[in-house]
Protein chains: 2
Amino acid sequence: MVMAYFLENFWGEKNSGFDVLYHNMKHGQISTKELSEFIRERSTIEEAYSRSMTKLAKSASNYTQLGTFGPVWDVFKSSTEKLAGCHLELVKKLQDLIKEVQKYGEDQLKAHKKTKEEVSGTLEAVQNIQSVTQSLHKAKEFYNSKCVEQEKLKKEGAPQKDIEKAAIKTKKATESYKVCVEKYAAVKLDFEQKMAETAQKFQDIEEAHLVRVKEIIEYFSHSVSEVHIQIGQVHEDFINNMANITVDSLLQKFAESKGTGRERPGPIEFEECNTAVMVEGVKQ
Amino acid sequence: MVMAYFLENFWGEKNSGFDVLYHNMKHGQISTKELSEFIRERSTIEEAYSRSMTKLAKSASNYTQLGTFGPVWDVFKSSTEKLAGCHLELVKKLQDLIKEVQKYGEDQLKAHKKTKEEVSGTLEAVQNIQSVTQSLHKAKEFYNSKCVEQEKLKKEGAPQKDIEKAAIKTKKATESYKVCVEKYAAVKLDFEQKMAETAQKFQDIEEAHLVRVKEIIEYFSHSVSEVHIQIGQVHEDFINNMANITVDSLLQKFAESKGTGRERPGPIEFEECNTAVMVEGVKQ
């Protein structure tokens with residue numbers, strides 16, 4: 001159970017909490033966009049790495065097959081190709097994730113539009129309490145100034161007529177001031193109710209957003225870790241394959257494929273000419 | 001104990017085993033050069049990857065710090081920087097290895113030059129047996145043809161003078177043939193001794209080369225595996241750090257840093273003007 005952080009912390013004398021929370025909600029869209037950008041950039045990096053590895057595998061397959069070392073390049077080639085494949089696998093996973101993030105971004109935008117409408121009454125209540133608070137201050141000052149004026153006239157012993165005129169002004173100012181006090185009580189009540197409700201709504205939206213974004217990050221981590229394990233397997237296979245290609249086996253393989261023969265030069269004896277056979281041979 | 005593959009498999013009637021083994025030794029230089037190229041290309045790939053990751057970390061640090069999600073980018077940034085660091089670590093290890101391979105290449109070149117001199121006697125023995133074998137064949141043919149000629153003259157009842165002339169020719173041919181047979185026996189013995197020794201020398205050189213090259217590949221695998229483990233640790237830390245940044249903590253952090261106040265708007269009562277204080281206030 002998450003505490004009501006927003007409900008408790010976005011009041012204050014300027015009543016600007018609504019504005020802060022509303023903008024925070026909108027920043028959620030930027031976060032989604034940036035998260036998508038981050039994943040896309042990472043995907044691009046993995047793709048470039050994969051392409052380079054494929055190129056490297058081709059280099060390995062173009063290296064000389066002559067000599068005892070020749071067969072070893074096959075191990076390099078196959079391992080490097082597999083590495084390229086692993087990183088391409090990550091690219092695919094990230095591309096899928098980007099699509100999900102974009103879909104979420106669209107849903108988020110719609111939800112925010114809906115919320116904007118839903119909280120329009122709260123925005124009005126904020127504007128009301130702000131403007132009524134201001135009017136109340138003005139009315140109080142005006143009332144005070146009228147009281148002071150009336151008092152001055154009295155002290156200076158001004159004509160009764162002037163004092164009465166001032167008294168009428170004071171009475172009017174008193175009434176305006178009282179109206180403002182009543183109005184303030186009403187908008188304050190309205191603001192408090194609406195703001196409490198909206199602060200909780202904004203927190204719910206934010207909570208849902210963070211939960212979703214954390215899911216996306218978990219999928220991201222999971223993909224990266226999964227491919228990391230595959231890469232580890234490729235390294236292990238490479239080490240094993242290299243261990244299996246012993247020096248002895250390379251020498252043997254070379255001797256078998258490039259050997260010129262096992263027969264040493266034989267003895268050659270003097271062979272007396274058998275003219276009968278020779279002549280026969282010439283005639284044929 | 002490696003079997004004497006080279007000693008056994010590079011004989012054959014053309015006596016071309018020396019040539020094959022000598023060229024195989026020279027191919028060892030190509031292998032060393034290509035191995036160095038392969039490692040350099042891999043190093044270049046890792047360097048490019050590392051640079052891209054550093055750039056990505058910078059992107060993450062430029063993303064908005066506004067909103068509840070802001071603090072999460074620090075985790076992305078730090079993790080991505082660490083990944084860049086791991087791959088740069090691999091680049092350093094590979095650069096060191098390339099230097100070793102190059103040093104080995106120089107030593108190999110020197111050793112081959114020395115070997116070329118050492119086996120020059122064998123090359124001569126090969127050329128000798130090849131040319132003597134050829135001369136022997138020619139001498140045998142010549143001897144046979146002279147025998148046939150003499151026999152023909154006899155059968156045709158040619159003049160005794162002609163038959164005697166032919167007999168002298170036959171005798172000369174017989175002697176040449178016999179000299180060749182003796183020469184062959186000598187060069188055959190020399191060739192066999194020298195070739196046996198040299199074949200074993202070539203195998204020793206090849207064996208030492210393959211052992212060295214396999215050491216280089218092991219160092220390569222070891223570097224790659226070591227950095228792979230470090231990368232795995234970075235991924236694990238990322239997952240843990242993300243798990244530690246709970247939704248609750250993000251909401252709390254945001255409320256604390258961006259909160260506008262915990263005080264709800266207070267009640268405002270009508271305040272009667274205290275003219276004495278007000279006038280005093282105006283005078284001051």
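Just so we're on the same page: letters track the sequence lines, and every chain starts at 1. Because only heavy atoms are used, hydrogens play no part in the values below, and waters and symmetry mates are left out as well, while side chains stay in.
- Among the candidates Leu56(B), Val247(B), Val181(B), the residue making the largest number of heavy-atom pairs closer than 4.5 Å to chain A is Leu56(B).
- No part of Leu189(B) comes within reach of chain A, as not one of its non-hydrogen atoms sits under 4.5 angstrom from that chain.
- The parts of His228(B) that come within reach of chain A are both its backbone and its side chain, each placing non-hydrogen atoms under 4.5 angstrom from that chain.
- Side-chain N or O atoms of Thr246(B) include one that pairs as donor or acceptor with a backbone N or O of Ser249(B) at under 3.5 Å.
- Residue-environment remark: CD (Gln65(B)) exceeds the threshold of 12 foreign heavy atoms within 6.0 Å.
- In this structure, the portions of Glu37(B) lying under 4.5 Å from any heavy atom of chain A include both its backbone and its side chain.
- In terms of non-hydrogen atom pairs under 4.5 Å with chain A, the most contact-rich of Gln252(B), His235(B), Met242(B), Met195(B) is Gln252(B).
- Interface remark: Glu182(B) contributes no atoms to any contact with chain A (heavy atom separation under 4.5 Å).
- In this structure, the portion of Leu21(B) lying under 4.5 Å from any heavy atom of chain A is its side chain and not its backbone.
- With a 4.5 Å cut-off on non-hydrogen atoms, Tyr184(B) touches chain A through its side chain but not through its backbone.
- Screening His27(A), His209(A), Glu206(A) for a side chain to side chain donor-acceptor pair (under 3.5 Å) with Thr68(B), the sole residue that qualifies is Glu206(A).
- Both the backbone and the side chain of Tyr63(B) come within less than 4.5 Å of a heavy atom in chain A.
- Of the listed residues Lys146(B), Lys33(B), Glu46(B), Glu13(B), the one with more heavy-atom pairs under 4.5 angstrom with chain A than any other is Glu46(B).
- Both the backbone and the side chain of Leu35(B) come within less than 4.5 Å of a heavy atom of chain A.
- The main-chain N or O of Tyr5(B) is found under 3.5 Å from a side-chain atom of Gln203(B) such that the two form a donor-acceptor pair.
- Judged purely by atom type and a 3.5 angstrom limit, Asn24(A) has no side-chain atom pairing as donor or acceptor with the backbone of Val20(A).
- Contact count versus chain A (heavy atoms, under 4.5 Å) is highest, among Leu250(B), Asn9(B), Ile231(B), for Asn9(B).
- Residue contact with chain A, scored on non-hydrogen atoms closer than 4.5 Å, involves the backbone and the side chain of Glu271(B) alike.
- Figure legend: cation-pi geometry between Lys140(B) and Tyr177(B) absent, as NZ or CZ is not positioned both under 6.0 Å from the six-membered ring centre and within 45° of its axis.
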Please assess Glu151(B) against Lys155(B) for the test salt bridge (Lys or Arg N to Asp or Glu O under 4.0 Å), listing each intermediate value before the final yes or no.
CA-CA 6 Å; Glu151(B) 192 64 17; Lys155(B) 278 197 178 168; 5.1 Å; no
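- For Met53(B), the parts lying under 4.5 angstrom from a heavy atom of chain A are both the backbone and the side chain.
- Neither the backbone nor the side chain of Gln150(A) comes within contact range of chain B; no heavy atoms are under 4.5 Å apart.
- Looking at Ser59(B), only its side chain comes within 4.5 Å of chain A, counting heavy atoms on both sides.
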Does the salt bridge (Lys or Arg N to Asp or Glu O under 4.0 Å) test come out yes or no for Lys152(A) and Glu149(A), once each step is laid out?
CA-CA 5 Å; Lys152(A) 263 170 95 182; Glu149(A) 263 175 46; over 6 Å; no
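- In this structure, Phe238(A) has its ring center under 6.0 Å from that of Phe76(A).
- Environment of CD in Glu226(B): crowded, with over 12 heavy atoms of neighbouring residues, nucleotides or ligands closer than 6.0 Å.
- Neither the backbone nor the side chain of Ser79(B) comes within contact range of chain A; no heavy atom of the residue lies under 4.5 Å from a heavy atom of that chain.
- Note that OG1 of Thr64(A) and CD1 of Ile30(B) are 5.5 Å apart. Values are rounded to the nearest 0.5 Å.
- Looking at Phe10(A), both its backbone and its side chain come within 4.5 Å of chain B, counting heavy atoms on both sides.
- Contact of Phe38(B) with chain A is made through backbone and side chain together, with heavy-atom distances under 4.5 Å.
- Looking at Lys214(B), only its side chain comes within 4.5 Å of chain A, counting heavy atoms on both sides.
- Contact count versus chain A (heavy atoms, under 4.5 Å) is highest, among Cys180(B), Ala185(B), Gly232(B), for Gly232(B).
- Here the two rings, on Phe202(B) and Phe18(B), have centers that are under 6.0 Å apart.
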